[in-house]
Each structure stands twice: as C-alpha cells, then as structure tokens.
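Reading through the structure tokens given below for one structure.
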Amino acid sequence: MLLQKLIGRNQRLDAYLDVAEFLSGLFLVGFLWTHMLFVATIIFGTKIFNKVPAILDATYISYVGIFMVIIVILLHMLVAGRKIPANLQDQLIIWRHARRLSQKDTWTWVFQVVTGISILILASIHIWAILSGWPINAQISAGRVQETFFWFYMLFLVVCEYHAGIGIYRIAVKWGWIHRQKVGKVLTVITCSIVILGLAALLIFRFVIKAGGAP
Amino acid sequence: MIRRTLTIEVFRFNPQTPDIKPYMETYTVKEVPNMTLFVALNTIREEQDPSLMFDFVCRAAICGSCAMLVNGRPRLACKTLTKTLPSHIKLLPLPVFKLIGDLSVDTGTWFRHLNLKTQAWIHTDKTFDPKAIEERMDNETALKIYEAERCIECGCCVAGCATANIRDDFLGAAGLNKIARFMVDPRDKRSDQNFFEVIGTDEGVFGCMGLMACDDNCPQELPLQMQLAFVRRRMAMTGIFGGK
Ligand code: SF4
Ligand code: SF4
Ligand code: FES
C-alpha cells in the first residue's frame, strides 16, 4: 500500500461512479425511448400528437423534465466519459488493440465514445432549436423539419438510438443475469423498431404535415 | 485433399539484444492433417530456425503456457488447429505480460502477483484436522467453484482486455473470476467488506468496462460475463450499503 493511496482517496468512489453511470444511462435510455414513442404519435395524426405536449405542459412535466434531462446528460457525460483514456498514448493503444482484436464489443465501445461526443453537440443544437421555437406542436415541428433540420434529425435519430441501444446492452452485460447473445438480439429488435418509428415520424413531418408557426 | 502451404509471420524480438529492433519473420510450413499451431511452430524450430522462442508444456490446453496472439486474437497454440485459420497466419506475443523473447511471455509473475493480491486461498479460523471426515458442501456450490477453478491462467482474457492494456494494475477477468470463486465458497470466512477492499476500485471490478473480450477469448470457455456481473453486483451493494 502506498501512502497517497492509503490516505488520499475515497475507497468507495469508484463504486459510486460505476453505479452513477449505470443509473444515468438507464434513465437516459428510458427517456429517449419514451421520447421517440411520443414523437411517433404523429403517425396517428396531428390531434393526438398535439395532445402529448399539452398534457406534459399542463402537468409541468416538460419544464421539470427538460431541466432534469440536461442535468443527467451532463452527469452521464462525466461519469461515462471517465473511462476514455485521457492521454493520447493510451488512446493509441486502445485504437491499435481494437484493430488487432477486431472484436465486436470492443469496437462498439470505441463507437460509443464517438457517438457520445457527437450527441453532446447534436443534443445542444436540438434543445436550442426546441426551446427557441417553444411551444411544441405538430405545425412548428413540421416547419422545423421542412426548413432546415431534416438531415440533422435523420443523423441525430440514428446516432442517439445507436448509442442508447449499445449503452443499454452494455448495462445488461455488466450488471445482468442474462447471456449477452440473447440480450443483444432483443435490443437489436427494439432499437431497429424505434429507429423505424422515428424515420416514419420524420417522413410524415417532412412530407405530410402542413407547416406553420415559428421554425 | 490438397495440402496448403502455410505462411507464418512471427514477431521477433529479444530483450537481451535490444539493438535489434522488433521485426516480423516469415516462415513457410506444409500443413499436415490435424496440425495445431503448436506442431507448426515446433516444425519451424526443428527444421528452420532453432532460435525461435515460444512456450509450451502440456500441449493439451491444460498448462496455459502457449497463449499468443493468433491473427490478433489471444489463443492457445496447442488448441488451435491450423485448418481453422487462413493460410496466412500472423503470430504476436500476448500484450500486457512481460516479454521474454519472440512469442514467449512471463505470465507467471503476473499471476503470482494476482494470487497474492487477492489472497487466493481459503481464509478460515478452523484448524485442520486430518482425521476428521470432510465437511459436506451442497452440489450446486461445489459445481460453481469447480467451474471457476477451471481457469488455467493462460492470460488470454487479460491480453484481450482493453482495460488491462492501458492499466497495469487492473486485475482482469482472471482475477475477478478468482474472487468470485472465493465469494461463493462457504469455507472462506472473508466478508464482502474484505473483498471490497481488494477489488472495490478501478483496479478491480469497477475498472472493467464490460467489453467482453475476455468472455469471447477464454479458451476454457469460462462464464466470465456471469462471473464479472456477479462480482460487480455484490461489490456495488457493498460499496453503497456497506457489507456484512
Ligand atoms: S469485460 Fe472487463 S475484464 Fe473482460 S475484457 Fe472487458 S474490460 Fe476486460
Ligand atoms: S479465465 Fe480463461 S482466458 Fe482467463 S486466464 Fe483463465 S482460462 Fe485463461
Ligand atoms: S501447451 Fe499447455 S496449454 Fe498449450
């Protein structure tokens, strides 16, 4: 035992951080999936779609929710990002290691880092776009998608769902009881379905709904 | 059957002669039926290059000394049939462990440190009575222990682990599997708190990122995913709520 390790550190910290990564990840996947289901209500028409934000607004869930999600995203960035090697040499070792080993799970982790960082940027743009065009309704959303944001949202959708799918797979593998081949299959199906729902919603916003209101 | 000619590229470096930089040397060998990499390497050493260094003892996947990177993946040379490989084979020594020369690495020191650090023996206050009848253990527990004990300390899981490649204090799946083995053993009197002190940090179970290269590459096919998750759950509970 070394002195600095004996007196200078909190023995339980690593456990807390790993649990925080797990919980924040779980929360965000839960949020993302519900979010996509809400958005997909556009498939049933603008009336139903518009009800969702109305209810969320009336119960103040949107105000508290958006704030909470932002906080959790930041927390998740810190605790999940702690495993990204800080120095370039180590990053190189990981890169070479991943290429040499060419094992799926190691590669997905590398992509997880890349998509995670992209999400930070994409999500900031998305939140800014939503808040500056408040409130949420089908006409405003359609306007957004038709004017500038179509390709942005295509990319955002795929990157987010990929990150969430792999993330929840990793959580299941690290903490769960079920063999990972099974978990992987189930999650692939869920992720693909949600991406398809999201694409359908996007296409409807792009080509079917009449735009109106602020972009 | 047309016999293939195997092209085997081998990493060459001898720490004794550091002036000669590491390089890859290429050998060709005629494949024979049921040839393993171990046989191929011996053929090379006998017929072409007596200076080639690599390890083996049991040639039956028991001693764990012949592990190396075969086309990038950790494998036991004695368990790998050449017919499962393409005709161009690239061999590197295992990373993480100290290089002795060419394909030979020192896994012994690493595993000795591991066994000392995890105190891999039964901790009990009972004195052993050689005349007494052995205490019974229920079959399920015995099987669990036996399953974990099948580890041959070959180091494939450690070499495949991204974490172990950048953190030299990480105990790896082999180490955590070992802890899991003592956790289920009713004869071991260590508390979860005791275990937590050894593996409750990023050097232990929380350093693992769940990339499962260990699980994919263990030649003994140990259930490492389950073992790691079991230890992680136990240690997270101990870390947060305090152990028994
Ligand atoms: S699951 Fe953990 S121990 Fe196994 S290779 Fe990945 S990081 Fe290493
Ligand atoms: S757990 Fe498997 S891969 Fe790791 S040292 Fe033991 S036998 Fe080898
Ligand atoms: S020589 Fe013993 S495991 Fe291969």
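The analysis underlying the following values was restricted to heavy atoms, covering all of them including side chains, and did not include hydrogens, waters or symmetry mates. Per chain, numbering begins at 1; letters A, B, ... match sequence-line order.
If you tally non-hydrogen atom pairs under 4.5 Å between each of B/Leu228, B/Asp202, B/Val205, B/Thr163 and chain A, the highest count goes to B/Asp202. In terms of heavy-atom pairs under 4.5 Å with chain B, the best-connected choice from A/Tyr16, A/Trp109, A/Trp177 is A/Trp177. The most heavy-atom pairs under 4.5 Å with chain A, out of B/Asn217, B/Leu92, B/Asp215, come from B/Asp215. If you tally non-hydrogen atom pairs under 4.5 Å between each of B/Gly200, B/Gly160, B/Ala159 and chain A, the highest count goes to B/Gly160.
Both the sub-6.0 Å distance and the 45° axial angle are not jointly satisfied by B/Arg233 relative to the ring of A/Trp175.
Within the 4.5 angstrom heavy-atom criterion, no atom of B/Pro223 approaches chain A. With a threshold of 4.5 angstrom between heavy atoms, A/Arg180 approaches chain B through its backbone and through its side chain. Proximity to chain A is absent for every atom of B/Phe230, based on heavy atoms less than 4.5 angstrom apart. Contact annotation for B/Asn71: only backbone heavy atoms (N, CA, C, O) come within less than 4.5 Å of a heavy atom of chain A. For B/Met212, the parts lying near chain A are the backbone and the side chain together; criterion is any non-hydrogen pair under 4.5 Å. The part of A/Val19 that comes within reach of chain B is its side chain, from C-beta onward, which places non-hydrogen atoms under 4.5 angstrom from that chain.
Judged purely by distance below 3.5 Å, without hydrogens or angles, the side chains of A/Ser102 and B/Arg73 pair a donor atom with an acceptor atom.
Identified by a heavy-atom distance below 4.5 Å to chain B, the contributing residues of residues 90-99 of chain A are A/Asp90, A/Ile93, A/Ile94, A/His97, in residue-number order.
For A/Lys174, there are no side-chain hydrogen bond (donor to acceptor under 3.5 Å, both in side chains) partners, not counting sequence neighbours. Scanning for side-chain hydrogen bond (donor to acceptor under 3.5 Å, both in side chains) contacts around B/Gln227 gives B/Asn177, with sequence neighbours left out.
Counted within 6.0 Å of NZ on B/Lys189, heavy atoms from surrounding residues, nucleotides or ligands total more than 12; the atom is thus considered enclosed. Open room surrounds CD1 on B/Ile20; 12 or fewer heavy atoms of other groups in view lie less than 6.0 Å from it. Heavy atoms of other residues, nucleotides or ligands lying less than 6.0 angstrom from CH2 of A/Trp128 number 12 at most. A 6.0 Å sphere centred on CZ of A/Arg82 holds more than 12 heavy atoms belonging to other residues, nucleotides or ligands. Heavy atoms of other residues, nucleotides or ligands lying less than 6.0 angstrom from OH of B/Tyr146 number 12 at most. In the displayed structure, B/Glu140 atom CD is contacted under 6.0 Å by at most 12 heavy atoms of other residues, nucleotides or ligands. By the 6.0 Å contact criterion, NZ on B/Lys79 is enclosed, its count of non-hydrogen atoms from other residues, nucleotides or ligands being greater than 12.
A/Val173 approaches B/Gly210 most closely through the heavy-atom pair CG1-O, 4.2 Å. Scanning all heavy atoms of the two residues, the minimum distance from A/Ala15 to B/Gly239 falls at CB-CA, 4.3 Å. Here the shortest heavy-atom pairing between B/Ala229 and A/Gly176 reads CB-O, 3.5 Å.
The CG atom of A/Asp18 lies 9.5 Å from the CD1 atom of B/Ile240; values are rounded to the nearest 0.5 Å. The CE atom of B/Met209 sits 10.0 Å away from atom CD of A/Glu21, with the distance rounded to the nearest 0.5 Å. Taken to the nearest 0.5 Å, the CZ atom of A/Arg12 stands 11.0 Å off from the CZ atom of B/Phe206. To the nearest 0.5 Å, atoms OG1 (A/Thr108) and CG (B/Leu211) are separated by 7.0 Å.
Judged purely by atom type and a 3.5 angstrom limit, A/Gln103 has no side-chain atom pairing as donor or acceptor with the backbone of B/Cys214. In terms of modelled atom types and a separation under 3.5 Å, the side chain of B/Gln225 and the main chain of A/Ile178 share a donor-acceptor contact.
Between A/Lys104 and B/Asp216, none of the side-chain N atoms (NZ, or NE/NH1/NH2) sits under 4.0 Å from a carboxylate O, so this pair counts as no salt bridge.
A 4.5 Å side-chain heavy-atom check between B/Glu203 and A/Asp14 finds every atom pair outside the cut-off.
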Return a table of donor-acceptor pairs under 3.5 angstrom between the side chains of residues 52-64 of chain A and protein atoms on other chains or two or more places apart.
unit_1  : atom_1 : unit_2  : atom_2 : d
A/Asp57 : OD1    : A/Ser62 : OG     : 2.7
A/Thr59 : OG1    : A/Ile55 : O      : 2.8
A/Thr59 : OG1    : A/Leu56 : O      : 3.3
A/Ser62 : OG     : A/Leu56 : O      : 3.2
A/Ser62 : OG     : A/Asp57 : N      : 3.4

